[in-house]
Amino acid sequence: MIEMLEVTDRALDWMKEELDPEEGQGVNIYVRYGGETQLKQGFSPALTVERIPSDSKVFDYDGIQVFIKESDLWYFEDTELVIDSEDDEVTFESR
């Protein structure tokens, strides 16, 4: 299970401006093959906007619901994940 998720104010501003989830939607942190930020070898986190499934771990940040589907929780096991934004790009860091 994910130990901690921190979404910085800069990342929240980016999500509101770039992703703009509608009512009933949230920002999904999902696992994809490849990518730059590999918390576990061969895979990296990414973001998309979609409806929140009932089997998700949901975090609320200033009205933005950020969630991880149960099927992706394995990737974040024993992880303290920080989502930030620098130079108009989202960054992921594991602590």
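Sequential numbering from 1 along the given sequence is applied to the chain's residues.
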CD (Glu93) with more than 12 external heavy atoms under 6.0 Å: yes
Nearest-0.5 Å distance, CH2 of residue Trp74 to CD1 of residue Ile68: 12.0 Å
Which atom of Ala11 lies closest to which atom of Ile83, heavy atoms considered: CB-O, 3.5 Å
Short side-chain to backbone donor-acceptor contact, Arg10 and Ser85, under 3.5 Å: yes
Over 12 non-hydrogen atoms of neighbours within 6.0 angstrom of CG in Asp9: no
Check: Gly24 main-chain N/O paired with Arg51 side-chain donor or acceptor under 3.5 Å: yes
Test salt bridge (Lys or Arg N to Asp or Glu O under 4.0 Å) applied to Asp87 - qualifying residues, sequence neighbours left out: none
Ile52 reachable from Tyr30 in the ILVMFWY side-chain graph, under 4.5 Å edges: no
For Asp72 against Phe76, the heavy-atom pair lying closest together: O-CD1, 3.4 Å
Inter-residue atom distance Ile29.CD1 - Lys57.NZ, 0.5 Å rounding: 12.0 Å
Point-to-point distance, once rounded to the nearest 0.5 Å, from CG of Leu81 to CD of Glu6: 9.5 Å
Co-membership, hydrophobic cluster, residues Leu73 and Val58, 4.5 Å side-chain: no
Validation row: Val66, Met15 side chains within 4.5 angstrom (heavy atoms): yes
Near-ring test Phe59/Phe67, centroid separation under 6.0 angstrom: no
Between CG on residue Asn28 and OG1 on residue Thr48, distance to nearest 0.5 Å: 6.5 Å
Pairs involving residues 15-24, ordered by first then second residue, that meet salt bridge (Lys or Arg N to Asp or Glu O under 4.0 Å) (sequence neighbours left out): Lys16-Asp62
Heavy-atom closest contact (Pro21 atom, Ile64 atom, distance): CG-CD1, 4.0 Å
Thr79 side chain to Glu77 backbone, donor-acceptor under 3.5 Å: yes
Beyond-backbone contact of Val27 with Val7, side-chain heavy atoms, under 4.5 angstrom: no
Nearest non-hydrogen partners of Tyr75 and Phe43, listed with the distance: OH-O, 2.9 Å
Side chain to side chain contact (heavy atoms under 4.5 Å, CB included) assessment of Val90 paired with Asp84: CA-CA 6 Å; Val90 171; Asp84 199 0; over 6 Å; no
CZ/Arg32: more than 12 non-hydrogen atoms of other groups inside 6.0 Å: yes
